[in-house]
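All figures in this text were calculated on a predicted structure; none of them were measured in a lab. All values below come from the heavy atoms of this structure, side chains included, with hydrogens, waters and symmetry mates left out. By convention in this document, chain letters (A, B, ...) are assigned in the order of the sequence lines, proteins followed by strands, and residues within each chain are numbered from 1.
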There are 2 protein chains.
Amino acid sequence: MRGQPGRSVTSKVLALLDAFSPTSPALTLSELARRAELPLSTVYRRAAELVEWGALERGDDGRYRVGLRLWEVGSLAPRGLGLRELALPVMEDLYEVTHENVQLAVRQGLELVFIERITGRDAVPVLTRVGGRFAMHATGVGLVLLAHAPVEVQEEVLAAPLERYTDLTITDPARLRRCLADVRRVGYAVSDRQVTMDALSVAAPIRASEGVLAAISLVVAHDRADPVVLAPLVQAAGRVLSRALGSPPRQPPGWTPSPPRGGTR
Amino acid sequence: MRGQPGRSVTSKVLALLDAFSPTSPALTLSELARRAELPLSTVYRRAAELVEWGALERGDDGRYRVGLRLWEVGSLAPRGLGLRELALPVMEDLYEVTHENVQLAVRQGLELVFIERITGRDAVPVLTRVGGRFAMHATGVGLVLLAHAPVEVQEEVLAAPLERYTDLTITDPARLRRCLADVRRVGYAVSDRQVTMDALSVAAPIRASEGVLAAISLVVAHDRADPVVLAPLVQAAGRVLSRALGSPPRQPPGWTPSPPRGGTR
């Protein structure tokens with residue numbers, strides 16, 4: 001760490017955790033060693049300690065998996081389950097009135113992480129996984145998170161190649177910049193077939209006192225989507241959650257809220 | 001580890017994670033040092049590495065919190081989010097037909113951990129938190145998990161004092177032993193006002209090839225609960241999930257399933 005050539009023990013332990021991914025959730029000892037770039041003997045010893053504590057579990061097949069104890073500790077992350085517990089009732093309301101997909105995401109570095117998802121049974125299929133990452137420039141929640149990210153983050157995303165998911169994905173930095181300005185101005189984002197050709201999402205920000213903490217969206221089939229109907233629904237949900245997080249909702253143009261219950265603006 | 005008097009670096013790193021709990025999700029450096037029983041300088045150094053990786057996050061208030069990266073890795077635990085992703089659609093179905101609380105739990109050592117929860121808005125209030133722990137001998141899901149735990153686990157729970165939550169909590173080991181035998185025999189558990197005086201829960205096992213992996217329950221207001229109606233609903237949900245996990249459902253007495261789709265018993 002901090003430019004030292006040798007790796008600290010802490011970084012070796014964390015490298016073992018880094019070895020697991022959604023596409024490789026179960027690893028043999030040698031796979032673990034190869035991915036963590038550590039000698040087998042080191043991995044064997046450290047993994048035994050991690051199993052004893054419960055960070056890893058070892059199955060009958062001899063493979064290591066992430067353990068429930070790590071999930072328990074992870075569940076204490078305020079931006080993870082804490083936010084999710086707060087948001088879930090509001091997400092369920094959105095689901096009950098629309099029966100469409102409802103998503104909740106936060107920014108992690110230059111990407112977004114999906115914190116929660118309610119999948120409509122008859123709704124358009126979505127690619128997302130709770131705990132999974134995605135690029136910010138394509139999805140509705142991502143456009144909201146990027147629009148409200150620190151300027152350095154925006155510039156870093158705009159400077160890197162923007163992956164094309166469909167013919168409608170915005171890959172031109174100048175166009176993306178204008179799109180982000182629009183998102184900030186109107187108070188919501190629309191991703192129309194920018195991730196898959198069958199889906200449209202409408203997303204709104206969830207604000208905490210320190211800024212936009214998360215984004216909430218509806219993802220619907222493109223051919224039955226009407227952003228004019230969806231946007232106020234999603235914005236209202238975002239505002240309810242912003243208020244719950246202690247942030248007075250900002251007044252977007254053309255939207256007249258009911259009088260706030262308590263508190264002043 | 002393994003009887004060595006000194007603590008390994010791995011165990012020190014894990015002690016820092018252990019310091020966080022649902023009642024203390026944000027800790028100062030000195031609180032972290034006291035809880036982990038480590039010198040301040042050690043904690044400062046290790047915590048900086050954990051922050052750099054994302055296992056911890058440090059807020060404007062200087063306090064450390066569990067970081068989103070740890071939640072991401074924890075979300076790869078097969079008994080955590082993996083199970084939850086599988087179970088959620090079935091839990092949502094249970095919720096849609098009952099509008100009561102639906103819970104999903106697994107055993108961790110001598111306790112249970114709640115993996116998921118759908119809370120009915122107009123349903124009886126429940127004490128549980130996703131990621132939170134509870135004793136097994138009182139709740140419906142706990143009775144199911146305990147009834148199907150290894151004999152050593154059952155004996156250890158039966159040998160320890162059984163906490164009384166209400167006048168109806170089973171605290172007599174001999175009675176609990178009979179209750180667990182009943183749960184195995186009928187294929188579901190009923191906890192009638194054994195956690196709070198207003199609630200009744202009915203729970204059923206979710207089986208994987210290696211045995212009972214989890215339990216699912218409905219928690220309803222005691223005065224409108226009818227276990228005769230609820231038990232088949234919960235059992236059916238448990239069987240759907242058992243089948244999805246690759247375990248042929250066991251035939252409980254008096255229950256005639258529709259012919260299994262593929263596979264033999």
Side-chain angles (χ1 to χ4, degrees), chain A residues 1-2 8-14 17-18 20-22 24-26 45-46 48-50 52-55 57 59-60 65-82 84-85 88-89 92-93 95-96 106 108-109 113 115 117-119 121 129-133 210, chain B residues 1-2 8-14 17-18 20-22 24-26 45-46 48-50 52-55 57 59-60 65-82 84-85 88-89 92-93 95-96 106 108-109 113 115 117-119 121 129-133 210:
Chain A
M1 315 300 292
R2 293 210 188 96
S8 73
V9 177
T10 306
S11 77
K12 290 178 192 168
V13 171
L14 295 173
L17 300 183
D18 265 330
F20 295 89
S21 74
S24 55
R45 202 168 59 245
R46 305 263 174 251
E49 291 184 279
L50 290 170
E52 189 173 321
W53 185 78
E57 291 175 4
D60 295 339
R65 291 169 179 81
V66 174
L68 193 69
R69 178 75 190 118
L70 203 69
W71 179 81
E72 277 188 86
V73 176
S75 78
L76 299 172
R79 294 206 295 150
L81 267 183
R84 181 260 186 196
E85 289 286 286
L88 194 59
E92 281 166 356
D93 285 347
Y95 176 74
E96 293 239 356
V106 300
Q108 177 81 330
V113 177
I115 298 297
R117 185 192 65 170
I118 298 178
T119 308
R121 274 205 174 216
R129 189 186 71 83
V130 172
R133 294 194 176 209
E210 62 271 28
Chain B
M1 313 300 294
R2 294 210 187 102
S8 72
V9 177
T10 306
S11 77
K12 288 178 192 169
V13 171
L14 295 172
L17 301 183
D18 265 330
F20 295 88
S21 74
S24 55
R45 203 169 57 243
R46 304 261 175 253
E49 291 185 278
L50 290 170
E52 190 173 319
W53 185 79
E57 291 174 4
D60 294 339
R65 292 170 179 81
V66 175
L68 193 70
R69 177 77 189 117
L70 203 69
W71 178 81
E72 277 189 86
V73 177
S75 78
L76 299 173
R79 295 205 295 149
L81 267 183
R84 180 262 186 196
E85 289 285 288
L88 195 60
E92 280 167 357
D93 284 347
Y95 176 74
E96 292 239 358
V106 299
Q108 176 82 328
V113 177
I115 298 297
R117 184 192 66 170
I118 299 179
T119 307
R121 275 208 172 209
R129 188 185 70 84
V130 172
R133 295 193 175 211
E210 61 271 31

What option among [options] has the most heavy-atom pairs under 4.5 Å with chain A?
| options | value |
| --- | --- |
| Val106(B), Leu88(B), Leu17(B), Asp18(B) | Asp18(B) |
| Pro78(B), Gly109(B), Pro25(B) | Pro78(B) |
| Leu50(B), Leu68(B), Val9(B) | Leu68(B) |

Legend entry - Any residue meeting salt bridge (charged side-chain N to carboxylate O under 4.0 Å, His left out) with Glu85(B), in chain and number order, not counting sequence neighbours: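 Counting only residues at least two positions away or on another chain, Glu85(B) forms a salt bridge (charged side-chain N to carboxylate O under 4.0 Å, His left out) with Arg117(A).
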Under a 4.5 Å heavy-atom cutoff, which of [options] has the most pairs with chain B?
| options | result |
| --- | --- |
| Ala26(A), Ala55(A), Gly131(A) | Gly131(A) |
| Lys12(A), Gln108(A), Arg65(A) | Gln108(A) |
| Gly74(A), Gly54(A), Gly132(A) | Gly74(A) |
| Val73(A), Asp60(A), Val13(A) | Val73(A) |

Inset, instruction - Side chain from CB out, backbone as N, CA, C, O: work out which of these in Val113(B) comes under 4.5 Å of a heavy atom of chain A, or both, or neither. - result: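 For Val113(B), the side chain is the part near chain A, not the backbone.
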Legend entry - Heavy-atom proximity to chain A below 4.5 Å, by part of Arg133(B):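 Side chain only.
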Legend entry - 4.5 Å side-chain heavy-atom contact, Ile118(B) and Glu92(B):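 Yes. Closest side-chain heavy atoms under 4.5 Å.
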Inset, instruction - Decide yes or no for Arg84(A) and Val130(A): does some side-chain heavy atom of the first lie under 4.5 Å from some side-chain heavy atom of the second? - result: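 SC-SC contact between Arg84(A) and Val130(A) ruled out.
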Please report the interatomic distance [atom1]([X]) to [atom2]([Y]), rounded to the nearest 0.5 Å.
| X | Y | atom1 | atom2 | answer |
| --- | --- | --- | --- | --- |
| Leu14(A) | Trp53(B) | CG | CH2 | 5.5 Å |
| Arg69(B) | Glu52(B) | CZ | CD | 13.5 Å |
| Trp71(B) | Leu76(B) | CH2 | CG | 10.0 Å |

Inset, instruction - Mind checking side chain to side chain contact (heavy atoms under 4.5 Å, CB included) for Ser75(A) and listing every partner two or more places apart, or none if nothing turns up? - result: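 Partners of Ser75(A) under the side chain to side chain contact (heavy atoms under 4.5 Å, CB included) test: Leu81(A), Arg129(B).
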